[in-house]
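When reading the values below, keep in mind they use all heavy atoms of this one structure, side chains included, and skip hydrogens, waters and symmetry mates.
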Amino acid sequence: PMSRYQTLLEDYARLAGLAPVEDFLASQELVIADLVVGLALEGDADRGDIAFFASLGRPAPQVAREQLLQLMLEANALWVGTGGCTLGLQAGSGAVLLCARAPLALCDAPALAAALDAFADVGLLWREVVQGRVSPELPQRAA
């Protein structure tokens, strides 16, 4: 029998119209609005988490690195402007990574589709910041 993870990926692929389904199951990668999103299983295939991740590329030369890193750390605290996702740096490459996870037990294909769309929205926004096309600032919260 297929694990919950395999079943979820298959159901999602059908819902999203990814064809052939086998290619998606093999790569566990998809493109949402030109953002490449990878999926991975963390832990048990029936009771673990499904992780999503996307590389937002290396910061553009005109982006003040220290300011960007501080912004990313501030955003990670209480997930301000990240929609519950976490920003980080890929070891070695210096590329900015966006990551998120969801418990398999709470996911069906429509929930996964909604989570991936929200994840892609956050990724596209932060990619603009990393690439220097949007000036980096967090939404100000009332004190």
Fill in: Non-hydrogen side-chain atoms of Leu30 and Ile32 separated by less than 4.5 Å
yes
Worksheet item: Residues in salt bridge (charged side-chain N to carboxylate O under 4.0 Å, His left out) with Asp44, at least two apart?
Response: Arg47
Worksheet item: Between atom CD of Glu22 and atom OG of Ser27, what is the distance when rounded to the nearest 0.5 Å?
Response: 11.5 Å
Discussion item. Against Val31, only a single residue in Val36, Val37, Leu18 fulfils side-chain contact (heavy atoms from CB on, under 4.5 Å); can you say which?
Written reply: Val36
Worksheet item: Can you tell if the side chain of Ile50 reaches within under 4.5 Å of the side chain of Glu42, non-hydrogen atoms only?
Response: no
Worksheet item: In Å and rounded to the nearest 0.5 Å, what is the SG to CZ distance from Cys99 to Phe52?
Response: 11.0 Å
Fill in: SB check Asp49 Arg101 (cutoff 4.0 Å)
yes
Worksheet item: Between Phe24 and Tyr12, what is the ring plane arrangement, given parallel below 30°, perpendicular above 60°, and tilted in between?
Response: tilted
Item to complete: For the pair Arg127 and Asp34, find out whether any cationic side-chain nitrogen is under 4.0 Å from an anionic carboxylate oxygen.
Response: yes
Worksheet entry | Nearest-0.5 Å distance that lies between atom CG in Leu89 and atom OG in Ser55 | 10.5 Å
Worksheet item: So which heavy atom on Phe53 is nearest to which on Ala40, and how close?
Response: CE2-CB, 3.8 Å
Discussion item. Apply side chain to side chain donor-acceptor pair (under 3.5 Å) to residues Gln28 and Tyr5 and explain how you reach the verdict.
Written reply: CA-CA 11 Å; Gln28 296 184 33; Tyr5 180 66; 2.6 Å; yes
Worksheet item: Which atoms form the tightest heavy-atom contact between Trp126 and Ala75, and what is the distance?
Response: CZ2-CB, 3.6 Å
Discussion item. Under a 3.5 Å distance rule, please check whether Asn76 uses its side chain to pair with a backbone N or O of Leu87 as donor and acceptor.
Written reply: yes
Worksheet entry | Shortest non-hydrogen separation from Gly123 to Leu35 and the atoms involved | CA-CD2, 3.9 Å
